[in-house]
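Single-structure report; data block below.
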Amino acid sequence: MKKTKSVIGMLALVLLFSSAFNPVETGLKEGKQAPMLKLKNSEGAVTLSELKGRYVLLNFWAGYDAPSRMGNIRFAREIDKSEIENISLVSVSFDTSRKVFEETIKRDGLNTATQFYDKDGSQSDIFDNYRLNKGFASYLISPEGVIIAKDPNPEQLTKLIRQ
């Protein structure tokens, strides 16, 4: 019994020290400047710098991940029905196939102008710059380009913007 406790204690110390020297930081923190990005879709291109002066909800999702897909639908509907006029949705899909992406936005009844496809997925600069772990996160970005919330829920958007 004493030997088992010693082994467990040693393993805990090893894990503690390995994580201290090898921190894995996922996502970006509130208060940080949002990294620039440029996206294209069938209706044109968009960059974060073009959206300065507006709030931006930057949402990362994929059709194969049910929670991120549902979040994407909920964000789009919340922004459509909100009374806030200075907010833009920029929704980026990391689907492995453009055809799956296109079919998903059609089925979900999403506005194609706000939906973008990143064909490089986890190998893309966007994935790296936003430190996405599994590719699914959302950020509310201020008109000045600063992240003011990470992973807000759709119902919080109006409250966060009016603060």
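Just so you know, residue 1 is the first one in the sequence shown, and it goes up from there.
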With rounding to the nearest 0.5 Å, note down the distance linking [atom1] in [X] to [atom2] in [Y].
| X | Y | atom1 | atom2 | answer |
| --- | --- | --- | --- | --- |
| Lys150 | Lys29 | NZ | NZ | 6.5 Å |
| Ser138 | Ile147 | OG | CD1 | 11.0 Å |
| Glu50 | Ser88 | CD | OG | 10.5 Å |
| Arg69 | Asp108 | CZ | CG | 4.0 Å |
| Arg74 | Leu157 | CZ | CG | 10.0 Å |
| Asp118 | Leu39 | CG | CG | 7.0 Å |

Measure from the side-chain N and O atoms of [X] to the backbone N and O of [Y], and report whether any donor-acceptor pair falls under 3.5 Å.
| X | Y | result |
| --- | --- | --- |
| Asp65 | Ser68 | yes |
| Glu144 | Gly53 | no |
| Arg54 | Glu85 | yes |
| Gln156 | Asn153 | yes |
| Tyr139 | Leu58 | no |

Taking the basic N atoms (NZ, or NE/NH1/NH2) and the acidic carboxylate oxygens, is any pair closer than 4.0 Å for Glu103 and Lys99? no
Distance only, no hydrogens: is a donor on one side chain within 3.5 Å (strictly under) of an acceptor on the other, for Asp95 and Ser97?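 Their side chains do not contain a donor-acceptor pair, so the 3.5 Å distance test is not met.
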Beyond-backbone contact of [X] with [Y], side-chain heavy atoms, under 4.5 angstrom:
| X | Y | value |
| --- | --- | --- |
| Ser93 | Val100 | no |
| Arg77 | Pro154 | no |
| Thr47 | Leu37 | no |
| Val90 | Leu51 | yes |

Could you list the donor-acceptor pairs under 3.5 angstrom formed between side-chain atoms of residues 109-116 and any protein atom two or more places apart in sequence or on another chain?
| unit_1 | atom_1 | unit_2 | atom_2 | d |
| --- | --- | --- | --- | --- |
| Asn111 | OD1 | Ala113 | N | 2.8 |
| Thr112 | OG1 | Glu43 | OE2 | 2.4 |
| Thr114 | OG1 | Asn111 | O | 3.0 |
| Gln115 | OE1 | Trp61 | NE1 | 3.4 |
| Gln115 | OE1 | Asn72 | ND2 | 3.1 |
| Gln115 | OE1 | Ser91 | OG | 3.3 |

Minimum heavy-atom separation for Leu160 and Ala149, please, with both atom names.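 Answer, listing the atom of Leu160 first, then Ala149: CD1-CB, 3.7 Å.
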Over all heavy atoms of both residues, which pair between Pro35 and Leu28 is shortest? Give the atoms and the distance, please.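 Minimum heavy-atom separation between Pro35 and Leu28: CD-CD1, 3.3 Å.
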Connecting only ILVMFWY residues whose side-chain heavy atoms lie within less than 4.5 Å of each other, what is the rest of Phe136's hydrophobic cluster?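 For the cluster that includes Phe136, the remaining residues are Tyr64.
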I need the single residue from Asn129, Ile126, Asp125, Leu48 that forms a side chain to side chain contact (heavy atoms under 4.5 Å, CB included) with Met36. Which is it?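 Only match with Met36 under side chain to side chain contact (heavy atoms under 4.5 Å, CB included): Leu48.
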Under 30°, 30 to 60°, or over 60°: which ring-plane class applies to Phe94 and Phe127, parallel, tilted or perpendicular? perpendicular
Look at the aromatic rings of Tyr130 and Phe60 and report parallel, tilted or perpendicular, splitting at 30° and 60°.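 Ring orientation of Tyr130 relative to Phe60: tilted.
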